[in-house]
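Notes follow once the structure below has been shown.
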Amino acid sequence: MRGIALAMLLGAVALPARAGLFDDDVARKQIEGVRIDHENRLEKLEASARGQIELANQIEALKQELAKLRGQMEVLTNDLDQAQKRQRDFYVDLDTRLRKFETAAVAPDASQSAPAAPVADPANETHDYEAALNLVKAGKNKDAAAAFIAFTKAYPKSTFLPSANFWAASALYQQREVAEAARYYGKTADGWPDDARAPDALLGLSNCQTELGDKKGARASLEKIVSKYPSSPAAQTAKQRLGKK
């Protein structure tokens, strides 16, 4: 009996000890689970942070690239403005030279009798034309367009009409009055096809037609330059543009 009682007593003492060991294992497993969960969350946060840093770096790189492109655009815009100014000055100088040549060519012979009733005063005609041309040179496109249009109406038989119509078209185009510019470019090319400005007038007409959405007409104008004025500088530009289309 004493042996049985002793065994029962030892069993009663061992049960709490086993229960304590079981509780410790569960606690350790729970702690390990929490640790693993925290580590997983931390890894996700670190990955997210790395992604945000990478995205921020990409945004900054794009900003720098955009600033670089803007700088390049400003340079190109300035170069284009300067090129247009040089081209305008060149045409003004060329126009002045041609005007002097034309004036000398049509000067009356002293041995011939003067016409009884001149159509217009040559001095006023030359003055008005030069005044309008100076407006072009000064970049006053609105005033220049009005002056040249007025000139074409005041001197309908002037030898300067091809130039006057051409410059009216150019000034109108600079003001973004594209449709009206196209009309005057067309008048120059159609009215005086043998004039030195005819190829450039067709080139200007093609530019206007392109902006107005008339791609077929723009191409036809370029093809006309190439076929009719193959040795002109405008023809070289026309060939390049036709090659791109």
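Being a predicted model, the structure only gives us computed values, none of them experimental.
Checking T188 against R197 by side-chain atom types alone, no donor-acceptor pair falls below 3.5 Å.
Of all non-hydrogen atoms in A147 and A132, the two that sit nearest each other are CB-CB, 3.6 Å. F166 approaches A201 most closely through the heavy-atom pair CE1-N, 3.8 Å. L161 and P156 make their closest contact through CD1-O, 2.8 Å (heavy atoms, listed as atom of the first residue, atom of the second, distance). Shown here for Q175 and N141, the closest heavy-atom pair between the two residues is NE2-O, 3.5 Å. In terms of heavy atoms, T152 sits closest to A164 at CG2-CB, 3.9 Å. Taking both residues in full, the closest heavy atoms of L172 and E180 are given as CD1-CG, 3.6 Å, listed atom of the first, atom of the second, then distance.
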_Apply side-chain contact (heavy atoms from CB on, under 4.5 Å) to residues E211 and R176 and explain how you reach the verdict._
CA-CA 10 Å; E211 294 193 27; R176 311 312 305 153; 2.2 Å; yes
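In this structure, the separation between OH on Y129 and CG on N134 is 10.5 Å, given to the nearest 0.5 Å. Taken to the nearest 0.5 Å, the CG atom of D214 stands 11.0 Å off from the SG atom of C208. Atom CD of E125 sits about 11.0 Å away from atom CD of E130, to the nearest 0.5 Å. K187 NZ to N165 CG: the interatomic distance, rounded to the nearest 0.5 Å, is 4.5 Å. The distance from the OG1 atom of T210 to the CZ atom of R241 is 7.5 Å, given to the nearest 0.5 Å. Rounding to the nearest 0.5 Å gives a distance of 12.5 Å between CG of L133 and CG of D128.
Taking E39 as the reference, R35 meet the salt bridge (charged side-chain N to carboxylate O under 4.0 Å, His left out) condition, with sequence neighbours excluded. Under the salt bridge (charged side-chain N to carboxylate O under 4.0 Å, His left out) criterion, R41 pairs with D37, sequence neighbours left out.
The shortest side-chain heavy-atom distance between Y184 and Y173 does not fall under the 4.5 Å cut-off. Side-chain contact check for Y229 versus P193: some heavy-atom pair is nearer than 4.5 Å. Between I53 and N57 the shortest side-chain heavy-atom distance falls below 4.5 Å. Considering only heavy atoms from C-beta on, E223 stays 4.5 Å or farther from I225 through its side chain. By the 4.5 Å heavy-atom criterion applied to side chains, R50 and L45 are not counted as neighbours. With contacts defined as side-chain heavy-atom distances shorter than 4.5 Å, the pair R219/L242 qualifies. Y155 is listed as a side-chain neighbour of N124, based on a closest heavy-atom distance under 4.5 Å. Between L203 and Y185, every side-chain heavy-atom pair lies at or beyond the 4.5 Å cut-off.
The residues K224 and D190 are annotated as salt-bridged, a charged nitrogen and a carboxylate oxygen being separated by less than 4.0 angstrom.
A donor-acceptor pair is defined here as one N or O able to donate and one able to accept, closer than 3.5 Å; no such pair exists between the side chain of S206 and the backbone of L202.
Hydrophobic clustering of Ile, Leu, Val, Met, Phe, Trp and Tyr side chains at less than 4.5 Å, counting indirect connections, keeps L205 apart from L212. Linking ILVMFWY residues whenever their side-chain heavy atoms come closer than 4.5 Å, directly or via other members, places F160 and F148 in the same cluster.
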